[in-house]
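Here the structure comes first, spelled out in structure tokens, and everything after it is commentary.
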Amino acid sequence: MSALREILIAENPTAPMRAVPSARAIAGRGLEGDRYFTGLGTFAKSPPAPDFELTLIESEVVEEFARESGLPFTTGHARRNLVTEGVRLNELVGQEFFVGAVRIRGHRLCEPCAYLAKTTFPEALRGLVHKGGLRAEILSDGAIAVGDAIRVA
């Protein structure tokens, strides 16, 4: 079963990611309490871009990268909002899907960048190419919670 394993938010670009049990997703904004919701994200745009509302990463990818690299890389290091389990995020580019009752559209891959390498480990640039997650747009407001099912619309 595909499910939401973690929800992570940061109040500003330099704050560590903080795990929360649930969050409110707002279309056109992001997750309440997150840096991109308030327009403070490192790559935030004005007006906000739909593919910066929400980011997702597979727990399996994070665990595999940490194991293969021998580095203490965690989901918090990845700085993505939603950590999934049992879903292939690359297949959701251009697709609509649900996290719980919230409708989402996958826009594009969230490739690792120089900022991620600088704030974590340089090996992340190569190790997470095409596996760094998904940038997505929130299409309907609602609460999401750890354990919510993830399903294609």
Side-chain angles (χ1 to χ4, degrees), residues 1-10 16-37 41-45 48-113 115-117 119-121 123-153:
M1 178 173 146
S2 301
L4 182 59
R5 186 167 164 184
E6 284 182 90
I7 301 169
L8 301 164
I9 60 173
M17 298 300 282
R18 179 173 53 92
V20 294
S22 63
R24 183 137 178 86
I26 306 294
R29 299 280 309 270
L31 296 181
E32 283 184 349
D34 187 62
R35 64 214 183 274
Y36 283 93
F37 185 86
T42 301
F43 303 103
K45 298 176 182 179
D51 60 338
F52 281 79
E53 292 177 20
L54 192 63
T55 55
L56 301 88
I57 194 164
E58 298 170 33
S59 60
E60 297 90 346
V61 165
V62 173
E63 292 162 4
E64 178 184 18
F65 174 67
R67 185 176 53 256
E68 290 181 359
S69 68
L71 297 168
F73 191 82
T74 67
T75 55
H77 287 122
R79 298 193 68 79
R80 308 297 189 248
N81 298 122
L82 304 183
V83 180
T84 65
E85 184 171 51
V87 62
R88 307 282 296 184
L89 294 174
N90 288 15
E91 296 174 6
L92 296 179
V93 172
Q95 301 291 315
E96 290 188 12
F97 60 98
F98 288 89
V99 176
V102 175
R103 192 176 190 99
I104 297 168
R105 176 182 296 121
H107 274 264
R108 63 185 173 99
L109 297 184
C110 190
E111 296 290 6
C113 62
Y115 182 76
L116 177 67
T119 59
T120 63
F121 306 98
E123 295 86 349
L125 270 178
R126 219 172 332 148
L128 295 176
V129 169
H130 308 312
K131 298 185 276 186
L134 179 69
R135 291 194 169 282
E137 175 183 8
I138 300 165
L139 300 175
S140 68
D141 297 353
I144 58 172
V146 171
D148 279 352
I150 300 170
R151 60 186 174 77
V152 176

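Residue numbers start at 1 and run along the sequence shown. The structure displayed is predicted, hence computed values, not measured ones.
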> Where is the tightest heavy-atom contact between Ala25 and Val102, given as atom of each residue plus distance?
Replying inline: CB-CG1, 4.0 Å
> Quick one: CZ on Arg108 to CD on Glu137, what's the gap to the nearest 0.5 Å?
Replying inline: 12.5 Å
> Is a side-chain donor or acceptor of Asn81 paired with a backbone partner of Leu8 at a separation under 3.5 angstrom?
Replying inline: yes
> Going through the checks in order, is the side-chain contact (heavy atoms from CB on, under 4.5 Å) test met by Leu134 and Leu82?
Replying inline: CA-CA 10 Å; Leu134 179 69; Leu82 304 183; over 6 Å; no
> CG/Leu116 to CZ/Arg80 distance, rounded to the nearest 0.5 angstrom?
Replying inline: 6.0 Å
> When rounded to the nearest 0.5 angstrom, what is the spacing between CD1 in Ile104 and CD in Gln95?
Replying inline: 13.5 Å
>> Just so I know, are the side chains of Leu54 and Asp34 near enough to count as touching, which here means a heavy-atom distance under 4.5 Å?
In response: no
>> Distance check, rounded to the nearest 0.5 Å: Leu4 atom CG versus Ile144 atom CD1?
In response: 5.5 Å
> What closest approach, in Å, do Gly106 and Phe97 show between heavy atoms, and which atom pair accounts for it?
Replying inline: N-CE2, 3.7 Å
> How long is the span from the NZ atom in Lys131 to the CD atom in Glu60, to the nearest 0.5 Å?
Replying inline: 12.5 Å
> Between Glu85 and Glu58, is there a donor-acceptor pair closer than 3.5 Å when you use the side chain of the first and the backbone of the second?
Replying inline: no
> Does the side chain of Phe37 reach to within under 4.5 Å of the side chain of Leu31, using non-hydrogen atoms?
Replying inline: no
> Between Phe65 and Phe73, what is the ring plane arrangement, given parallel below 30°, perpendicular above 60°, and tilted in between?
Replying inline: perpendicular
> Do Arg35 and Met17 have side chains that get closer than 4.5 Å, going by heavy atoms?
Replying inline: yes
> Which one of Val83, Ile150, Leu89 satisfies the side chain to side chain contact (heavy atoms under 4.5 Å, CB included) criterion with Leu56?
Replying inline: Leu89
> Any Lys/Arg nitrogen of Arg5 or Glu63 sitting under 4.0 Å from an Asp/Glu carboxylate oxygen of the other?
Replying inline: yes
>> Given 3.5 Å as the limit, does a donor-acceptor pair link the side chain of Arg18 with the main chain of Ile9, or not?
In response: no
> Could you state the interatomic distance from CD1 (Ile57) to CZ (Arg79), rounded to the nearest 0.5 Å?
Replying inline: 12.5 Å
> Can you find a pair of side-chain heavy atoms, one from Arg135 and one from Phe52, that are under 4.5 Å apart?
Replying inline: yes
> Within the distance-only criterion (no hydrogens, no angle test), does the side chain of Glu111 pair as donor or acceptor with the backbone N or O of Val129 below 3.5 angstrom?
Replying inline: no
> Less than 4.5 Å apart, any side-chain heavy atom of Val152 and any of Leu92?
Replying inline: yes
> Taking all atoms of both residues into account, what is the closest heavy-atom pair of Gly86 and Ser2, and its distance?
Replying inline: O-OG, 2.6 Å
>> Show the nearest heavy-atom pair for residues Arg103 and Ala153, with the distance to one decimal.
In response: NH2-CB, 3.6 Å
> How about Thr75 and Glu6: does a side-chain donor come under 3.5 Å of a side-chain acceptor?
Replying inline: yes
> What are the two closest non-hydrogen atoms of Ser140 and Ala27, and how far apart are they?
Replying inline: N-CB, 4.3 Å
